[in-house]
Amino acid sequence: MVKSLTCSYLFTMYLHWLILLFSTAETLNVSETELYADMDCNGHPEIYRESYTTIYEFILNFTNSKETYKRPFIDGYPSFVFVDMYVTSIAAVNEKAQSLSTQVKMMTAWYNGIPLWMYSKQCGITRFQASKEMFWTPDILIKESIKTDYGTTPSPYVQLQMWEFSVSIDILTLTTACRMDLYKFPFDTQICNITFQSAVHTNKELTIDPLSKAQNITQDSKNLLAAQGEWELLLINTSKAHATVLGDLQDVLVYQITIKRRPLLYVINIIIPVFFFIVLDVASFFIEADGADKLSFKVTLLLAISVLLLMLNDTLPSTADRIPLIGVYCSVIFSLIGISILETILVNYLMAKGAQRRSAALMETTAAVTGRDDSLPDSVRDENEMNFSLHWVGVARITDVAFFILYIITIIAFLSGLGKHWIS
Ligand SMILES: *[C@@H]1O[C@H](CO)[C@@H](O)[C@H](O)[C@H]1NC(C)=O
Ligand SMILES: *[C@@H]1O[C@H](CO)[C@@H](O)[C@H](O)[C@H]1NC(C)=O
Ligand SMILES: *[C@@H]1O[C@H](CO)[C@@H](O)[C@H](O)[C@H]1NC(C)=O
Ligand SMILES: *[C@@H]1O[C@H](CO)[C@@H](O)[C@H](O)[C@H]1NC(C)=O
Ligand SMILES: *[C@@H]1O[C@H](CO)[C@@H](O)[C@H](O)[C@H]1NC(C)=O
């Protein structure tokens, strides 16, 4: 076990060196012949071609004799496979389908057992591209995959490195299942897993390890990120785990991708308009309290909110465990406006009743003044009617003011309570 771990560690170190060599040679614009100046075949294309042919023949000989399609073993140790995955774009996040679409660059390196180093003196050829079909390739699959496609034409080659390693690089378009918690939508952060594991091999036959450190993967992904639209990539973390396949342990490499939504669009489109509707509703208390105008104004507000609720319905999944706070926000404000409409109707009713009484009283008083039936009890009754009418109007006024104060307190309490949960 310890030996296996040491072995694995050494291979990792070695691979880092390899990758570094292979990337610096490209980025620093140093040609191989400059790196290996003493083995310069420049100006002798025939020697170069000859070396190349020899190496190719060697590889052919080797793969023929060692059964190409057989997984390479080192003295009974597992095949060491190393994976690096960089997220190059976050194409879409589908909350309703609970899926994440990304474009990733996946680099897979594995031990191949072909001692190419024997030919390193040949014109400084340190790596060799050969057809994928000649070799065993690791059967790494993605557990969460709903759909995996090549982002470009799949490369038909693997690169054989001098020190018995193969490297293959693929650009993949992934759609993966990702359980999202939309409680804090649109101020939410999601963590999506992308899990690599062998389709059939147990960890006695194949190990999967990350090639680079998590910080470097995060940093490099951020540098590579072409498009991230609504989402910001926060972190990519890797961890190793184990799964069981038919009772045997299997190596699993988990990439945890943490992404954060940029909420501005939803703030502008939903949260601010709904907030203004409630402000308008409060303002409508100052409209002259006689009936139809005020009522139709408030009903319009209610309709406007229901349009926004429909919009929201298109985004949020119906299966959420907890109702997203934005849903609570919209529906509570919807209900508050609904209640304030009821209150307006009540006040209107009281006012109307008061007005009715008053006009009745006025009519009778007028009749009394013109003097047809002026008896004392009647005028007393008129006074009573007048008081009664004033009483109704008073009740209406008090109801209105009391409701208004209660309404404002409720709104402030609700919004501050919600805000504390939401933004924190
Ligand atoms: C690489 O070097 C060659 C000559 O050494 C030069 O012509 C070429 O422009 C360089 N490429 C870059 C990308 O710097
Ligand atoms: C490949 O195998 C053939 C026949 O066994 C042998 O003659 C040739 O030298 C080998 N080539 C290399 C590069 O090993
Ligand atoms: C993602 O992977 C981590 C680490 O292995 C694990 O703890 C977590 O439960 C996984 N999340 C999901 C949704 O599978
Ligand atoms: C990885 O990141 C560390 C610091 O974050 C840096 O020193 C190191 O050079 C990076 N390694 C590679 C291979 O980029
Ligand atoms: C990455 O994951 C490991 C193991 O799951 C954990 O210990 C570590 O804190 C994580 N790193 C970050 C930056 O979250």
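By convention here, the first residue in the shown sequence is residue 1. First listed ligand is number 1; within each ligand, the first listed atom is number 1.
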Is it true that S99 and N94 share a donor-acceptor pair across their side chains at a distance under 3.5 Å?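 No.
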
Would you please write out the protein residues whose heavy atoms approach any atom of ligand 3 to under 4.0 angstrom, listed by chain and number? N193, S239, V254, Q256

Going by side chain to side chain donor-acceptor pair (under 3.5 Å), name the residues that satisfy it together with [X], two or more places apart in sequence or in a different chain.
X    : answer
Q190 : D188
T173 : Q103
E232 : none

Taking the ring of F187 and the ring of W422, is the distance between their centroids below 6.0 Å?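 That pair passes the under 6.0 Å test.
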
D170 with K132: basic N within carboxylate O range, under 4.0 Å: yes

